[in-house]
Each structure stands twice: as structure tokens, then as C-alpha cells.
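The structure appears below as C-alpha cells.
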Amino acid sequence: MRFVINDTDIETDIDPRTSLLDLLREQIGLTGTKKGCNQGACGACTVLVDGERILSCLALAVQYEGRQVTTVEGLADQAGLHPLQKAFIEHDGFQCGYCTPGQLCSAIGMAAELQRGLPSHVTGDLSAMAIRATREELAERMSGNLCRCGAHNGIIDAIDEVFGERRGQQGYDAEMPEKVA
Amino acid sequence: MSIVKDAAEAAKGLAQAVTKKAIEVAPDGWVPGGTPDPLIRNQHGHVGKPVSRIDGPLKVQGAARFAAEFTLYGMTYASVLFSTITKGRIATLDTADAEAAPGVVLVMTYRNAPRMRPMPAFGSNRMAAGGDDLPVMQDDRVHWNGQPVALVLADTQEQADHAKSLIRIGYEAEAATTSFEAAKADGTEPGQFQGDPLQVTIGDAETVLASAAFKVDETYRTPRHSHAAIEPHAATVMWDGDMLVVHDATQAVTHTAWSLAHMFGIEQDKVRVTSPYVGGGFGSKTLWQHQVLGAAAAKLADRPVRIVLSREGVFRIVGGRSLTEQRFAIGAEKDGCFTAMIHTGTTIMTPHSAMPEPFIVATRSGYAADSFKMEVRVARIDMVANTFMRAPGEAVGTFAMECAIDELADRMGIDPIELRIKNEPEKDPTVGTPFSSRNIVEAYRAGAERFGWARRQPPGARREGEWLVGLGCATGTYPYYRMPGGVARISIGRDGHACASVAAHEMGMGTATAHTQVVAERLGLPLDQVTVEYGDSRLPGLFLAGGSQQSAAIGAAIIAAHRALVVELLKLAGNDSPLAGLKPEEVGGLDGGLAKLDEPARWESYASILARAQRAELSVEAAAPAPIENQHWSMHSYSALFCEARVNAVTGEVRIARFLGSFDCGRILNAKTAASQFRGGIIMGLGLALTEETAFDERTGRVMSASLAEYHIPAHLDVPAIDVMWTNIPDPHTPMGARGIGEIGITGTGAAVANAIYNATGRRIRDLPITLDKLLSAGIG
Amino acid sequence: MTPFSFARATDADDALRLASARGGRYLGGGTNLVDLMRETIERPTALIDVTGLSSTIGERDDGGLLIGAAVRNTAVAEHAAVRARYPALARAILSGASGQIRNMATVGGNILQRTRCAYFYDNAGSRCNKRNPGEGCDAIEGFNRMHAILGASPSCVATHPSDMCVALAAFDATAHLLGADGERRLPLTELHHLPNGRPDDETLLKPGELITAVELPAERWFARSTYRKVRDRASYAFALISVAAALKIDGDRISDVRLALGGVAHKPWRAHKAEAALRGAPATAEHFRDAARAELAGAVPLSHNGFKIELAERTIVAVLQELAGEIA
């Protein structure tokens, strides 16, 4: 069975029971994606599939044959860390680092949703063409990624700097890299 | 008074202004009879700067390798089956189908598990790491609902999990005690914590209370809590001949190594435990049955084992914080001075653990009063052993104390901050020792100013649309500890690079970063010339990442090792050095070498000293002195916490709109990571206040919230921007002038929230968590 | 997870064919079924992936919408016509689960998700009539704070966890089904059963029958609708109470209304009694309250969920007031 993970073709036999998460972690050795609950309740396993964020623990790998999967290992490129990765370091958007890969992938998928005008639970006007990336919007949209160390402020600060209303204000390149845009 | 932003800006400026002050090599002056750690006087070095985490690049790339991410040749996967009765014995056991299932390597039960000694419970030995003292899969006995009763090893996790579902077990259940009321009816006993009785009697507090001009006398309840670290407990285990290697997620590598050696009857040096990264611990990442079962199964199968607890498994076999029922009473004169303070109540623990939730500990040194009565009583219940969880005792004890003070202030018509300041003690009110450093009043004044406390209105007075808005405050406090056993090694090479090695832990507290700063400053090196090595039981010392004491323990060991290093360097320098003839206390680290303190021109680089002595490297190891400072002073960190709560008058939903923590924790070692520690504790406190409760079915003794969907920790939308600030006043009696910061954030937070909710609604909820149903019952809106 | 075979269906007929040949279960995004299989609560021997079925939202000539069963929840909430004409549906979906889960979950899967009752989930250690008919229910006397106050039975007090379905129930949505006997349509309010004596039997679907689409009727006034969810956490939590409502006012009178409740029953609860009380009544808080009370008069509290009765009443009133205010 063929998978495309971080732009690399991978051929592997697979037990239909294997989740996309376990495929990544146990068969391919990409352990950056984390298993926090294995039941869709924490968000640590978030990856991007064709640019959309999903939970890899609830995804049977067989359902994702041939799809473009991006994990935390695929965020940096030759030029270095993704702007969001740099912002997480600068704003101390993590402590133990275990929920971090999921937060990063989720934020990148979230930013694309926001950019194309997908409303959220806290959006006041559902018919608005564009939605302001307020801190409340960012926090609601990131609520599927739990953090127990309590790095929430740093996480939202980092996302705000790269994708939010303050985008670009701290000297970061605000453009999203092509591969996940 | 400095604040985060100031500190960050100051640090930016200072980074450019190169300072050249040598850090002297002092004797252990911060312990009684000496002078403070000279590092305190140096205000322009690495210490205190908001340095970004040195492990940050690894963590944001998913390249930091956690316990379940070590890959070993021929590895097998474990799946654990948990008991479904609370007490009794395994009567029938049918593992045939499981053994026959595809990929299965082994099914382990009490019948075939290797013989091992029982778990050494915390406190039974200075290196014991177990949550209880029970045997692990050695007999047919069941002691709690959820106890491991079988383990399957298979080639893949999917195979192991499936095979586990094929095991059939029949039980003979026996009567168990599973309800709090039944446990209390069985009788309670006095609690003991770390060898001390949890009891204080000074004067006749009950009589004084009875005649007090003003009083409160209320009962506060807190439920079970779960640590809920996002990384589930896990270990990758192998036997290499007679050597056991455990890649673990633990906050106690050396304790764990000793404990496993003890259980398997082998020498301690035959067990190596690594824990390079820990995905959150909060007191839960110690020795539980999974590491033992993993090692036993690896031995039996003669293959490496990966054992990762399911989230349900974490709830079943790793204990959490126990429930409490606390009476808090205060008697006061008309002027507000406390005459009596009573804090008594009951908690529960298992027959096999030694950890009564010590909810009176913060009360012992909180306020001045004429008389005190405190006691923790313990009832026994059949459940997974409860354990340490972030600020054990203080997190829930301060909820009672700080709510009671708020209630008294309300009754007396006094501002609650002024009532606290009125009762500020001059020395430890129950022990009598002087405080090492206590600046809670300054913290309150600064916090109140910044938060806008003066705008607080009477209860129930402020409404914005559907939302009732209120402000509350509370004091947080957590003691300074330093546990014995700290040993550090410092190695310095001819390339000028230094490495400090300690068997300590980085769970996200910022330990590795902060101590890189400390070591670099002591040695007079740039940060990139220093490595701090940790997370391996083969490294020196006995360190526990617990009790907010690891930084002090590391700091003290580093001071000792640094002194030993300088003694050796001076010997090596010899008579041809500019340092010739100088004594250790006359020199200090400066610009990559040693210099005479009052004559910095007399300087030689470490590289030059080593080169002349024809040494590639110098490595020394030394132990910290005994932690006697705690006996001479009453040592604590403090916080003044401010909360703005919004309560929906229609639904009772609570949202925290603003929160500010003003801290007095000695000198801050890293402004960035410290701010995160404070915020992290506060956020866990928001969970404690509003949403967290481990559901324990008192009919069956079974945890019914064994998932992160049921056990509600705060989500992003629950967390407001949290402002933090600190006094940054060094404690002269601690290494670096610093006190622990890991646990204080959660203390007082529950009360600050409850007090804000009271101010918003005029309704007092004394039973955590403050869920909307309790507010509806109290008649809001 | 019990071993199973996996096949991907190319269209609805193919899915039916695969199902008749192999038995087994249809798999959408997997956000509920995969979890239940991991818990061994569900043990299908075959899975038929139906995410390849219709994933379009079509506008019908009469102005209604036809939403393919494989449309992801996010896509429904994002669709311009849904946002403009059925805002309660968009809001209901957006208040459910998390962004990641909404990206995975399909409309068909959302409808067929199973209860989050902790005793249902505790396969090894608790009794549940839904898992093992006849063995008893540990929830009735246990932790039942999340459980039903309406339409429960002595055999089961579980609630249906979907937010989306509450809005669909309010809007008189119709499920399009395809089975061995051909196509049929079923109002969403009738698709789920109340527990009665057989809480394991949750829907009117026949064995092998597939949800192919959901149809929303054209009612212009549904544009005046909203969804409010009350929960223990600000986000990412199941509802204690939720209310979907649409209100039509002519002059000062309510000419029509749709009202459905979530978090109260074994199925999305259409509040027919409240609607009857409201039709023709003045749009005042007093009448809203009377109507809510009429609906909740039959509510039966359990030991820990009595608050839901008052909470439901308050939330209904607040939602109707909001809609009335919007219209005024």
C-alpha cells in the first residue's frame, strides 16, 4: 500500500486495524506525531492530509492510501524551521513538548480554514466573507488540542504572530510555505 | 519590583552590555552561619534572562525522543488487562485463545510472571519510587478495581490489544470499602506526611473561636483529581544479559532504577533508567506497575518490550490526588486580627499507600493567630493508590483557607487584601522560626495596582448583558524544600566547553535551560559553551523532580562541584599561572577562565590551565551539603492571585476573563520559562476550580472518567491571557537566591476563582469543581 | 480491535453490494466507529468505506438542500447556503467536537454516532443494556449528570451526543436511505428510537441500509434560527443542554416555530409540545417560559441531572428571546 508522507512515497504492508498514527510512529519511524489518548480527545496526533488537519489516531491508515500526509517532521524545509515553529520557541508555546507537534499541525490547518472564511463557534456573523483572526477565534479553533503544562498563552501568542491579526508584526515572514498552504 | 516585560527588556539591553564580574567560589554560605550565594549579587549575567528553551528546536520538530519512541531490535508490544472487581481473587483464568491469537509472544499472569519483591513504596527507602507497597502480578489477589491482572506481548500493538480481549477471567469478589461515608464510618486515623504528624495544636482554638467577635466556620470539599499529562505513561524495556535498561518517562530516574533493582533482586548498577524527555508529570510519573510489568515480560519473553498505557490504563493504574473534606474556621477581633484558626478534616487513601493529601501544610505558616487547631484524618478506601499531584496539600488546602478568609472579610466589611495583610505573621506562626524571605505584601500591592483591584464592586453588583462579573483574590504559597542526595559532576575540556551532569529531569519546567544559565554564569562561560546532562540514572546524584525542589537540589550540588573544580584547577594551574598562590575563595569564573576577584587582570583561561597541565579534560564530582536550611528558617514561595470571573446568569457557565499572578519566589532564573511555569500552574488551578473531577463510582470502586473526553482539563478557549509578575527578591538562604516555582501556580487559584465567582454572583460555592449546576442550585440569575 | 476486512465502495450501490456480500459496517470518517472498535464495543468483521459516496451539497429546485451523506461536517458548516438559510445547522456543527474531528466526520456518521455514556464505554467493567441487552444499566443509579431527562426508560438513560442532529431535527430534515428494498425517506426525528425496552436497537435502519443523503426543506424563515450549546468546558465538550430553534413572527405573534433539544434524550428531541404552545402566542418571555415548561413537564430527573430541567428551560427562553429580538 502506498502513502505519501512529507512528500516521500512510502510502500508498506498494512494491517487494516492500524491507525494512521501507528503507521507513522511504529512502522515508518516518524515519532514526531504523538499519541496522547488514542480516542480523539486530545489532539496530540493531529496531522495534515491534503492540507486539512485531522486526528491520525481515529484515522484507519487504509482510508488514507495515496493521500498527501504532512507531519511535524515535514514542516521545516531547507530554509529552516517553519515560521510557526520559530514563533513557538520565541513565545515559549510549549513546556514538555508532547502536545506541540499536534498544536503546530493543527494551527497550520486552522490558519488555512480561517483564510478561506470558515466560521467557528465564536464567529458572530456567519455570513461574513472574511473573519477576523482575533485571539478568541484562534483559541476556539485550537481548543481541540489540549495542553496540560499550560502553555496556552504562548501557543496563541505564537499563532497570533504568524497567522493572527498581529501577523508579521514581530519580523517573521508571514507567508505560509507552499507545501502546506 | 520587576515584571516580565521589564525583565525581558532589561535582558535585551544587558545582553549588549558585556559585564565582567567574576563569580566567586564561596563556601556554602547560604546555609546557616554563612553568606548568601555570590551568584545573587551578580545581576548582569545569564541568570534571569528570558533565554528560549535549549530543547526548543528539537521539540518543535518532533525530534525530542520520548519513552515510547526508542526502537529496539525484535521489539514486542504490551497490552495490559485490568481487573473489574475491587477486592477479591482471580478464580478462573483462561488465556488459551489469547495465546493462540496471531502474533502473540506471551501472555503473562500471576501464574507465570517472574518472582519479584513487592513495590517499594515512596518513603519506605530514600530511593523508593513506588506508589504503593503491593506485589505486582505475584498472586491471585485483587486490591483495586483496575489492577493489572494480565499482560499480552505480541509483535504489534494491534495484535496485543486484540489478544487481550480474548482473555477470560472469573473473579471471587469480596466486600470492599468504596464509599467515603463507609470509609469514615469504619473509623479514621491521624495522618502522617513524610514522617511528621499532620496535626498542630496551639492554645484552645475551639474555645477562642466560640467567643470571637467575628467568625467563619465552613466545610469545603475537593474531589479526586487526575494529573492527565498528555503523554501517557510508557516505557521501552530490554534486558541486555543481566542488565535491565528502561527508557522511561519518569521524574525520578535513580529512584526508579533502585526500586526496580530491589524488586528483581539485582544490584542497582544493573539497572539503567533513562528519561530524556517527559511529556508532563505533575507528580504522576514515578514508578507504577507498568514499568515493572514491562521488565518482567521482557525477561520472560527474552525480547524487548514497549509498554504504553492506554489513556484508560493511566486512569486505572496511576493514582491521582485524593478527595478532601475540610473544615475551616477563623475567629477574629473587631479590628480583624485572627484569634483562632481551625483547619481540620478528612481525606482518603488506600490501605497500601502512604500519602494522605496533607491539606493543612499551607495553613501552618499562612497567618498570625492566637490559637491554632489543625489536623488531617485519614479514612481508608479500596482504590488505586492516590499520590502526589502538583502542590499536594496546598492546592486544595489553600482553597479552603483562602475562601474562608474571603468569607470573613465579606462578613466584616473589610477588603480581603487588607484583612490578609493585617494578619501577616512576623515569624512562622506555628514553628516560630524566622522567614528566610517573605514579601507577600509587596506582591499584593503590586498585583492589586496592576489588576485594578480598586475597581471591585460589592457582590452581584456588576452585570454586562447575560454576564455577571466579579473580581476575587487569594494567596498562594508553596514551601521551599531541598532533598538530600544531590551530587553533580562538572567536566571542562581544553576546548573550553563545560558539561554539568546530574541525574535530574526536564519535564518542561525549563530545568535544562535554567541550569545551563546557572552553570555558565558560575564558570564565566557563554551559554553555548555549556551542556547540562540529565535524565539518566547513570549520572550522579539522587534527584526527584518533585516538591518544586529540583532546582535547589541541582543548584546546591553544582555549587559544591564548582568549588571542587576550582580547587583542582588551581592545583593544575601551578606556579607558572597568573593565579599562582591564590586560594579558591579568592578567585572566580570570568571570560572562560579563572580570575582573582579583586584583580581581574590576574586571569587564566580554563583551556590554558588544562593545556599547561597536559590534560584534555578535568572532571570533578561533589555532593551538596545536607539541607539544614529548612530547619533554621521558614522557607516558602508566595503569590497574590487576582481573578476576574464572568458567570452567565442564564446558564451558570463560568468564564475566566482575566487573571494575574504576582509572585514572590526569590530570584527568577529564567524570565521566560518561569513565566510559563507560573501560568501553567494557574491554568491547572483553573481546571481544579471549574471542571476537574475524577469520577469514582462509589458502588463499584471504578473510575468512570477514564478518558480525556470525560475528565475535563482546560481547553484553549477556557484560558484567558494570564498576566504574571514577580518581586525577584533573592532569598539569601537558597542556592542562586531562588525558590521553587513549579507548584505554586496552582495554589490559591481555586480560591481566587471561587472568590471572584462570589463577587460576581453573591453565591458561595464550597464544593469543587464549581460547575454550572452548582451555581444554578445556588439560585443565580 | 477485532480483525476485519476492508473495502472501499465507489458509490451507494457498490456499498450495498459489498455489504450484502460481506456483512459488516459502513465506515465514514471513523471518528466514532474506530474509537468504539478499539474499545471492542463494536466488533465488525468487515468495514465498507463509504467516504467515496456523494460528498456534494446540492440546491434543489424548491429551494431546499440535499446534503450527501459523505459530506464532511466542516463542509456543511462552511457552505454558503447553509450559513445563510440554516444558520442553526452551521452553528450546531461548529459547536461540536473539534476542527480536526469536523474535518473527518461525515454527515451520515454523525447521525449514527453512539452515546458517550461512560458506562456504555466501560465495556469491561460496567453493565449496559445497550451493549449487552438485558444485563442492566449502571448509569441509572450511577454518574448520570450527562444523562437523559426526557424519554428515558428503565433500561437506558443515555443521550444522543450529536449537535448536528438537533438542528436537523428542528429543521424537519429527511434522511434518504438506500437498502435491499430500494430507496426510502425517513424524517430525521423518526430515524432514532427512544430506548424503550431495547436500547441496543437505536435506529429504524434495516440491516445493510445506508444513509445516502439528508434533505433540508425550503423554508425561508429558517434563516432566523440559531443553536445554543451549554457545556462544562468553553469548547470541545459534549452538551449538557443544547437548543436549536427557528422563529417566525408576524406582527407580535409567533406564526411558526421549530424547537429541538440536545443533551436531554436518547435521540435529538423535537419539542413538539413547546412548539404547539408557541404557535399563535405572543413572542414574550412569559410565553417562551410557559412553552418550555410545557415541554419539560414530562421530564424525569435522575440523581445528578435534575439541574437540566431548569437549565433547559432557561436556555430555551434565552434562545427564543434572542431570535425574537433579532426579528424585532
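Just so it is clear: chains get the letters A, B, ... in the order the sequence lines come, proteins before strands, and each one is counted from 1. No hydrogens, no waters, no symmetry mates; every other heavy atom, side chains included, goes into these values.
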Is the side chain of [X] donor-acceptor paired with the backbone N or O of [Y] at a distance under 3.5 Å, no angle test?
X      : Y      : answer
B:R679 : A:A151 : no
B:R53  : A:F94  : yes
A:Q95  : B:G510 : no

Heavy-atom distance under 4.5 Å to chain B: side chain of [X], backbone, both or neither?
X     : answer
A:L30 : neither
A:L81 : side chain
A:Q39 : side chain

Just so I understand: if I count every heavy-atom pair under 4.5 Å between each of [options] and chain B, which residue has the most?
options                     : answer
A:S19, A:G97, A:C42         : A:G97
A:G29, A:A44, A:G150, A:C96 : A:C96
A:V72, A:I89, A:T71         : A:I89
A:C149, A:P101, A:G154      : A:C149

Salt-bridge contact B:E231-A:K34 (side-chain N to carboxylate O under 4.0 Å): no
Carboxylate-amine/guanidinium contact A:R148 B:E692, below 4.0 Å: yes
Using a 6.0 Å cut-off, check whether atom CG of A:D125 has over 12 heavy atoms from anything other than its own residue. yes
Of the listed B:D718, B:I683, B:L309, B:T156, the one with the largest count of heavy-atom pairs under 4.5 Å with chain A is B:I683
Side-chain donor-acceptor pair under 3.5 Å between A:Q103 and B:H716, yes or no? yes
